[in-house]
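Heads up: numbering here begins at 1 and tracks the sequence.
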Amino acid sequence: MLSEPVTAIKGVGEKFADDLSLMNIFTVEDLLNYFPYRYDVFEIKPLSELIHEDKVTIEGKVLHEPSLNYYGKKKSRLAFNVEVEGIAVKAVMFNRAFAKKHINSGDTMTLTGKWDAHRLQITVSNYKKGAANEQAEIQPMYSLKGDVTNYKLKKAVKSGITDYVHEVSEILPAQYLDTYKLPDRKHALVTMHFPKNRIDLKHARRRFIYEEFLLFQLKMQLLRKLKREATEGNAQHYDAGSLRDFIGSFPFSLTNAQQKSLNQILADMKSPYRMNRLLQGDVGSGKTAVAAICLYASVTSGKQGALMVPTEILAEQHYESLSELFGEKASIVLLTGSVKGKKRKEMTAAIENHEVDIVIGTHALIQDDVNFAELGFAIVDEQHRFGVEQRRTLRDKGLSPDVLFMTATPIPRTLAITAFGDMDVSTIDEMPSGRKDIETYWVRDNTLERVLQFIENRVSHGEQAYVICPLIEESDKLDIQNAVDLFHQLTEFYGSKLNVGLVHGRLSADDKEHMMKQFATNEVQVLVSTTVVEVGVNVPNATIMVIYDAERFGLSQLHQLRGRVGRGEQQSYCILIADPKGETGKERMRIMTETNNGFELSEQDLKLRGPGDFFGKKQSGLPDFKVADMIHDYRALETARHDAEEIIEKNFLQENAAFYPLKIRLENEHLLQGKLD
Ligand code: ADP
Ligand code: MG
């Protein structure tokens, strides 16, 4: 049986099995599903097409007995000439003295190895007596651990296939195999290990890519359904009329993208399901405006709303702008770590008695002493800044509040449907009209003086500037020193002409806030900072963003920083000071100067960094696909998502016999009893 231990296979003993366990191979089935990570293709090509230093395969006639030389301890070199296309080519083999007796003058041989085009010489790594196959030979290459060699593994797989492959059964419904012209599981599996030709291999891979994506998407869709259904009964009956009036009181009308996202969110609120939605949009695209409307909707339905943001500064800014927007319409409080003692007690009591409609705050609002009377709607801003744990706590604060996550880091489509496959996603992909694109320049270190003069010039017109020094680790003293040094340098350079300020992570919250206020009120014109300004701060009068050592930031972060300017009427500028050594660094700078569009940028970032790196290592939360590649195979991913949605929506797993094997498979992997994260 496929579930037997791998030692059931002929030739696999205990020691071999121990090594295989390092590769997560325990059963026969594990071994059969352990696919090569690449394939070497041996194909005879004319000598003129062989590339210097490539691994090549040639076929020729041995011209004379090989000569064997020994050198050093146990080292040997076997050399002979073969005739290929009427030309003598030299073949050398190292440390394979035993091969001498297999190679005789007049033999036809197929040799594989590294090609030296200048000497017409091949350093043989593989040889075979006789002519090459008509077709290219495709050699599976497995990733290996312990003492396992590729040859040994291949042999075990072969033996496993011979004895057990008849037990491999199909899990995909026939209709999908038909529609997508995919080979059945048994044949595809054999082909993955021992492909006869490239075309078969391509189709076998297509099959497993689709299978992997479909299983993954089914799991996500099941989770999504579970999250929604676990919470029936929280429909919010908001007052559409009041909402219209509220929106009408804005000094602008909503963009189409804002309106569309708003409609999606309101539909979720009205439904009996709990919302679990991501709202993504570039900095300044108007997410907060949409959030405010939703908070108000919740208030008109008699419930409370909460907005959780990652920093105190940001919480205050939101508090101020929302208080202004709401006026008498709602009672809003600001709950941060600075609210302590008696004041905090009064505030939490008011929240518990429903004297408060909307709470804005940092993670202080998910502490144990905060109990909402009736939390209906919760927003988590810059959601990637919070851990899963914190997000869950907020959700658990209410009976089952609708939850909206907001992010200004646009997530590439391919990642959104994998990493956030269990969420609904709304996207604001349009900027309010009249915004000017930020002009972005990339300069070298030696032009600093010109940059400083440029700042001075803009400041004399009443504008302000950020100068960012990268802080890679929160605790990195060296980086803070960089910011301090730069601050002194700038203070000296400008003298009494303008005021320079400094903020970094080591300052107390009070000092930080004090400095930010001075900047917001233009008492300070140039603010030197580590990346603490990255999140959300709004100073519309700031028009210049200078980023030092810009090559140390990723594209998304650079774009976030750039989003701090361009918030007012004036033309804004972003100046990247960077001297990247590598090509990707240079490419990043170029991309920054070429596009202002966060979505385009995030797609490029994904290409440069790869999916694992995109979210940062700690919380990538991305699945490890064996055959599939999210970026390369994204079309298959979208197809699988679509199919998974249909399967769940139409309840095929329960009601359609063709889907029974798939259902069993999901059950075996415990995917049907999925729990909330
Ligand atoms: P985000 O939260 O996405 O960064 P905000 O909601 O804070 O964006 O909006 C940024 C600025 O644009 C705010 O000053 C806001 O008042 C303004 N704004 C929002 N929506 C519109 C719109 N449709 N038209 C014009 N200005 C808008
Ligand atoms: Mg915002």
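Contact between Thr530 and Ala483 at its shortest, heavy atoms only, is CG2-CB, 4.0 Å. Between Thr300 and Ser242, the shortest heavy-atom distance links the atoms CG2-CB, 4.1 Å. Counting all heavy atoms, side chain and backbone alike, Gly284 lies closest to Pro432 at O-CD, 3.6 Å. Ser572 approaches Ala542 most closely through the heavy-atom pair OG-O, 4.1 Å. Arg588 and Leu555 make their closest contact through O-CD2, 3.5 Å (heavy atoms, listed as atom of the first residue, atom of the second, distance).
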Quiz prompt | Check against side chain to side chain contact (heavy atoms under 4.5 Å, CB included), Leu279 and Val290 | solution = CA-CA 9 Å; Leu279 175 63; Val290 171; 4.2 Å; yes

Quiz prompt | salt bridge (Lys or Arg N to Asp or Glu O under 4.0 Å) assessment of Arg344 paired with Asp369 | solution = CA-CA 9 Å; Arg344 184 173 172 104; Asp369 63 333; 2.8 Å; yes

Exercise. Apply side chain to side chain contact (heavy atoms under 4.5 Å, CB included) to Ile468 and Phe553, showing your working.
Key: CA-CA 11 Å; Ile468 305 293; Phe553 292 107; 4.1 Å; yes

Exercise. Kindly determine whether Met308 and Ile379 satisfy side chain to side chain contact (heavy atoms under 4.5 Å, CB included), including the steps that lead there.
Key: CA-CA 6 Å; Met308 181 163 81; Ile379 304 173; over 6 Å; no

Quiz item: Could you go step by step and tell me if Asn541 and Glu463 meet the side chain to side chain donor-acceptor pair (under 3.5 Å) rule?
Solution: CA-CA 6 Å; Asn541 196 47; Glu463 299 167 20; over 6 Å; no

Self-check item: Tyr441/Glu439 under side chain to side chain donor-acceptor pair (under 3.5 Å): CA gap, chis, key distance, verdict
Solution: CA-CA 7 Å; Tyr441 301 95; Glu439 287 180 25; 2.5 Å; yes

Quiz item: What's the verdict on side chain to side chain contact (heavy atoms under 4.5 Å, CB included) for Val500 and Phe487, showing C-alpha distance, side-chain angles and the deciding distance?
Solution: CA-CA 7 Å; Val500 183; Phe487 167 71; 3.7 Å; yes

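Side chain of Asp381 to backbone of Val309: no donor-acceptor contact under 3.5 angstrom is found. Under a 3.5 Å cut-off, the side chain of Trp442 and the backbone N or O of Ile575 do not form any donor-acceptor pair. Under a 3.5 Å cut-off, the side chain of Asn353 and the backbone N or O of Glu355 do not form any donor-acceptor pair. Checking side-chain atoms of Lys436 against main-chain N and O of Glu569 turns up a donor-acceptor pair under 3.5 Å. Counting only distance, with no hydrogens or angles, the side chain of Gln280 and the backbone of Val425 share no donor-acceptor pair below 3.5 Å. Side chain of Tyr494 to main chain of Leu452: a donor-acceptor pair is present (N/O by atom type, distance under 3.5 Å, no hydrogens or angles). Within the 3.5 Å criterion, the main-chain N or O of Ile591 finds no donor-acceptor partner in the side chain of Gln604. When atom types are taken as modelled, the side chain of Asp357 and the backbone of Ser331 share a donor-acceptor pair closer than 3.5 angstrom. No donor-acceptor distance shorter than 3.5 angstrom exists from the side chain of Gln304 to the backbone of Val299, with no hydrogens or angles considered. With hydrogens and angles ignored, the 3.5 Å screen pairs a side-chain donor or acceptor of Thr521 with a backbone N or O of Gln518.
Looking at residues two or more places apart in sequence or on another chain, you find a ring-ring contact (aromatic ring centres under 6.0 Å, His included) between Phe250 and Phe246, Phe252. Take Glu316 and apply the salt bridge (charged side-chain N to carboxylate O under 4.0 Å, His left out) test, not counting sequence neighbours, and it matches Lys517.
Ion pair Lys287/Asp282 not flagged as a salt bridge, since none of the NZ, NE, NH1 or NH2 atoms sits closer than 4.0 Å to an Asp/Glu carboxylate oxygen. Here Glu456 pairs with Lys497 in a salt bridge; the nearest charged N to carboxylate O distance falls below 4.0 Å.
Looking at Arg552 and Asp549, their side chains come closer than 4.5 Å, going by heavy atoms from C-beta outward.
With values rounded to the nearest 0.5 angstrom, Thr543 atom OG1 is found 9.5 Å from Ile455 atom CD1. Between the SG atom of Cys574 and the CG atom of Leu558 there is a distance of 7.5 Å, given to the nearest 0.5 Å. Interatomic distance, CD1 of Ile358 versus NE2 of His318, reported as 12.5 Å (0.5 Å rounding).
There is a side-chain donor-acceptor pair under 3.5 Å between Thr440 and Arg562. Checked by atom type, the side-chain pair Ser338/Glu312 shows a donor-acceptor distance below 3.5 Å. No side-chain donor-acceptor contact under 3.5 Å links Glu523 and Asn499.
Around atom NE2 of His354, more than 12 heavy atoms belonging to other residues, nucleotides or ligands sit under 6.0 Å away. The neighbour count for Gln571 CD, taken as heavy atoms of other residues, nucleotides or ligands under 6.0 Å away, is above 12.
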Taking only distance into account, with no hydrogens and no angle test, what donor-acceptor pairs under 3.5 Å do side-chain atoms of residues 258-270 form with protein atoms, sequence neighbours excluded?
| from | atom 1 | to | atom 2 | distance (Å) |
| --- | --- | --- | --- | --- |
| Gln258 | OE1 | Thr255 | N | 2.8 |
| Gln258 | OE1 | Thr255 | OG1 | 3.3 |
| Gln258 | NE2 | Gly286 | O | 3.0 |
| Gln259 | NE2 | Asn263 | OD1 | 3.2 |
| Ser261 | OG | Ala257 | O | 3.1 |
| Asn263 | ND2 | Gln259 | O | 3.4 |
| Gln264 | OE1 | Ser426 | OG | 2.5 |
| Asp268 | OD1 | Arg228 | NH2 | 3.3 |
| Asp268 | OD2 | Arg277 | NE | 2.8 |
| Asp268 | OD2 | Arg277 | NH2 | 3.2 |

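Less than 6.0 angstrom separates the ring centroid of Tyr573 from the ring centroid of Phe454.
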